[in-house]
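Only one structure is covered here, and it is reproduced in the block below.
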Amino acid sequence: MKTLLVASLLALTATSAFAGGTKIINHSGVPIDELYASAPGKKTRGANLLDGAEEGALEDGMEYVVAGLADGTFDLRVEAPDEGISCVRKSVSVKGGVATLTPDVAKACK
């Protein structure tokens with residue numbers, strides 16, 4: 001009985017976290033104003049995941065919750081037009097509703 005209760009609570013917690021969106025953590029070293037996701041190796045991308053976010057919402061060291069990005073592996077296009085940043089970071093993993101953008105993103109921009 002206790003095992004079933006614990007399993008149910010864990011499932012509810014996991015579902016609630018996913019229902020809230022995916023947390024993007026920016027430790028890339030570059031600001032991100034626009035963020036697009038596509039299946040690995042595909043050129044087609046969806047809408048800007050940061051559409052509607054305030055300017056500076058995903059500066060380096062910040063985090064922001066986006067909708068429409070499930071767990072999996074994605075190519076992410078990172079853009080900050082005012083800073084001249086536009087690049088793609090391939091095979092970014094989203095696990096448990098979290099994606100951390102590392103300094104490898106900034107390297108891809110150069």
Side-chain angles (χ1 to χ4, degrees):
M1 182 75 166
K2 284 184 180 181
T3 304
L4 181 59
L5 178 61
V6 171
S8 297
L9 288 174
L10 287 174
L12 180 60
T13 302
T15 302
S16 297
F18 182 73
T22 298
K23 183 189 303 185
I24 307 294
I25 302 171
N26 185 9
H27 289 302
S28 68
V30 298
I32 300 172
D33 295 328
E34 299 172 22
L35 182 66
Y36 304 90
S38 65
K42 302 290 182 187
K43 302 251 183 222
T44 313
R45 62 181 183 199
N48 177 9
L49 296 170
L50 297 177
D51 192 32
E54 291 184 24
E55 180 73 27
L58 200 51
E59 294 286 326
D60 184 44
M62 298 181 76
E63 57 188 55
Y64 188 81
V65 176
V66 301
L69 190 62
D71 282 6
T73 302
F74 302 90
D75 289 351
L76 296 180
R77 173 169 289 285
V78 171
E79 296 189 9
D82 294 343
E83 290 83 6
I85 296 170
S86 179
C87 57
V88 175
R89 178 68 185 138
K90 296 182 185 249
S91 300
V92 175
S93 179
V94 178
K95 290 182 183 174
V98 177
T100 301
L101 303 177
T102 65
D104 290 338
V105 170
K107 291 177 187 174
C109 293
K110 296 180 181 183

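Between the side chains of Arg77 and Ser86, at least one donor N or O lies within less than 3.5 Å of an accepting N or O.
Between atom CZ of residue Phe74 and atom NZ of residue Lys42 there is a gap of 14.0 Å, rounded to the nearest 0.5 Å. For the atom pair CD1 of Ile32 and CE of Met62, the computed distance is 11.5 Å after rounding to the nearest 0.5 Å. For the atom pair Ser28 OG and Leu76 CG, the distance stands at 11.0 Å (nearest 0.5 Å).
A salt bridge is defined here as a Lys NZ or Arg NE, NH1 or NH2 lying under 4.0 Å from an Asp or Glu carboxylate O, and Asp75 with Arg89 fails to meet this definition.
Remark: Arg45 is positioned above the aromatic ring of Tyr36, its terminal NZ or CZ atom under 6.0 angstrom from the ring centre and at most 45 degrees off the axis.
The shortest distance between side-chain heavy atoms of Pro31 and Ile85 falls below 4.5 Å. Side chains of Ile25 and Leu101 form no contact here, defined as non-hydrogen atoms less than 4.5 Å apart. Contact annotation: the side chain of Leu69 approaches that of Val94 to within less than 4.5 Å [non-hydrogen atoms, C-beta and beyond]. Looking at heavy atoms from C-beta onward, Val65 lies out of side-chain contact with Ile24 at the 4.5 angstrom threshold. The shortest distance between side-chain heavy atoms of Asn48 and Glu34 falls below 4.5 Å. Looking at Ser38 and Thr44, their side chains never come closer than 4.5 Å, going by heavy atoms from C-beta outward.
At distances below 3.5 Å, not a single donor-acceptor pair connects side-chain atoms of Asn26 with backbone N or O atoms of Gly61. The main-chain N or O of Ala80 is never found under 3.5 Å from a side-chain atom of Asp33 such that the two would form a donor-acceptor pair. In this structure, Asp71 contributes its side chain and Gly97 its backbone to a donor-acceptor pair below 3.5 Å.
The minimum heavy-atom distance between Val66 and Leu49, with the atom names listed, is CG1-O, 3.5 Å. Shown here for Glu55 and Asp82, the closest heavy-atom pair between the two residues is OE2-OD2, 4.4 Å.
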